[in-house]
Structures are given as C-alpha cells and as structure tokens.
Amino acid sequence: MPELLGFQDRVAVLASMHQKETVIAPILELELGLKIVVPPDLDTDRFGTFTREKNRPGSQLETARLKAKQALSLTGETLAIASEGAFGPHPQIPWLSCDREIILLLDQRQEIEIVGQTLSTETNFASQTITSYAEAQAFAAKAGFPAHGLIIMSDRDTKNPSAIFKGIRTEAALYEAVMQALAQSTSSRIHIETDMRAMHNPTRMQAIAAATEDLVRNIRQVCPQCGCPGFAIVEALTGLVCAHCHSPTRLTRSVRYECQKCHFSEEVLFPNGLTTADPAQCLYCNP
Ligand SMILES: [Zn+2]
Ligand SMILES: [Zn+2]
C-alpha cells in the first residue's frame, strides 16, 4: 500500500546527470507512486567525477546527501533521490573488483533519510597502461566495449580536459583517442580505463537498479510503533556463540533496528539464519 508510506503522487527530484533515471524512475514510480523529475540545470559533476578532473569530497553517502540537498534547493521540492557509486577492490576478496552503489531518499516533509545499497562483483571496472592501438583493442574486448564506454588519457594523473577522451563507444573514436593521446604523451605510454558513468556502463545500470530495489525494501519496513517508513538496521551486535565450545565469536548475533522519527528500537536475533558459529571462526577452537 504505497499511499501509507507518504510518497504517493509526490514529485521526487533525481539528482543525476547520467541517465540513471532510466533504471531508477520505473522502479520508484511503480513501487512508491511518486513522479521522478530530473532538473535540467543540475551539475552533479561539481561533487566529483570518476574521470579525475575533480576529486570526490567526503564519503559516498555524504556526497549523495549533498547532491540531494542541492537538487531540493534548486527546485524548491521536498523529496529528492541521489545515487552514488564507488569502484575498487572487494572489501573481503581484494583481488576482485566491485561496484558499491548507494541510493539515498531524502524527504524533508517527513524529515527522514532512507538508504538502499548493493555491493556487486559484476563490474568491468579496470584500467591499464598501454603503448599501442592493439593493446587498446585487447583491453576493449575484455571491458565489454562498445556496449560499455572507455576513457583514454595521455597519462593517468592528468587533470587537463583536452588530454582526457571520455565516453568512447566506437572503434573509430577509440583509434582517434589512442593516436591523439600517444601524440601528447612524453613517455609513449598512455592510460586506458573503463568509463564508469552510468549511461556508458550497462553493467553499472543493473547495479543501480539492484540498489534501488534495496531502497524500496528498506522504505517498506515501517516502524511498528509510529508507522514511519525506513525502519532500518542501525547496528550489528557481535557475539554469535561457537557451536563447539559456546564462547562468543566476532560474528553477528543480532541486529538492532531503530525508527528515525520516534526512536523505537527492536533487536532481531540471528539475522543471517545461523544460531551458532562455525568453530573455524572461533578464537578458542581455531586460534
Ligand atoms: Zn517510529
Ligand atoms: Zn569454540
């Protein structure tokens, strides 16, 4: 019953320049009954870009919050959505690249903020130093080009916009960029990387969709006391006991939900479905 969540028939401004609305809008419009609009004069690139012309301030969540607030002050609306991705080594499996996508809903009318996220190892995120067009073609083949865009730079630390070729989606454009970058390079070594901007990266679009689905799930969790949406986990408590010796381990035993409005709090035991820990995870059984 979307009308009970307080978003029915409201306008939500999407703080995004990179066509993310193509995946975000259908999900949120269907599930929450709101209407997504993208403000035409929003410049989210001033909060940092993937392509080094500008570094990102603050954390992913802080950046999303800044974008959402900017969109609200620009439009005078009260409801905003912002999405933010980050790419790098997987936190537990460092040889795998991953894409962490977060999406934030900021509702000034209900005075709440709800976050959805996903951590996906389905990403083409990669970069390499190359010296020839043949090497660029080999990289492109692995990166899912031309469905996925590429970026060529005369050197990887350049901040000069004329030495950065973005959004490359054709063989001809790739060839031209490699030749120009090689001509600009003093070392004959140039940099190639995947273009992670959403409109040039269908794999990332899927991760953004997954984060949006997670946002919807989190919105639908309403506070049992006051009915406010976004009754979310605020804390994980360790101490799941070892199956063999019953000592507490560092694994999660329970999670705590808390309402942003009335601060009603609820502890849920065994959120991962496990009531005891594998002795291999126990400091006494497996020191
Ligand atoms: Zn509440
Ligand atoms: Zn043990």
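None of the values given here were measured: they were computed from a predicted structure. Just so you know, ligand 1 is whichever comes first in the structure, and atom 1 is the first atom listed for that ligand.
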Charged N-O contact under 4.0 Å between Arg169 and Asp195: no
Environment of the Zn ion (ligand 2) in terms of protein N/O/S atoms, cut-off under 2.8 Å: Cys242 SG, Cys245 SG, Cys282 SG, Cys285 SG
The Zn ion (ligand 1) to nearest N/O/S of His263 below 2.8 Å: no
List the atom pairs, with distances to 0.1 Å, where a side-chain N or O of residues 90-103 and a protein N or O form a donor-acceptor pair under 3.5 Å, not counting sequence neighbours.
unit_1, atom_1, unit_2, atom_2, d
His90, ND1, Gln92, N, 3.0
His90, ND1, Ile93, N, 3.1
Arg100, NH1, Gln117, OE1, 3.1
Glu101, OE1, Arg204, NH2, 3.3
Glu101, OE2, Arg204, NE, 2.6

Sole candidate of Leu215, Leu106, Leu104 that passes side-chain contact (heavy atoms from CB on, under 4.5 Å) when paired with Ile114: Leu215
Partners meeting side chain to side chain donor-acceptor pair (under 3.5 Å) with Thr75 (sequence neighbours left out): none
Greater than 12 external heavy atoms within 6.0 Å of Glu122's CD: no
Sequence-distant partners of Thr238, side chain to side chain contact (heavy atoms under 4.5 Å, CB included), two or more places apart: none
Lys/Arg N to Asp/Glu carboxylate O, Arg256 vs Glu266, below 4.0 Å: no
Angle, SG of Cys259 through the Zn ion (ligand 1) to SG of Cys262 - 10° precision: 110°
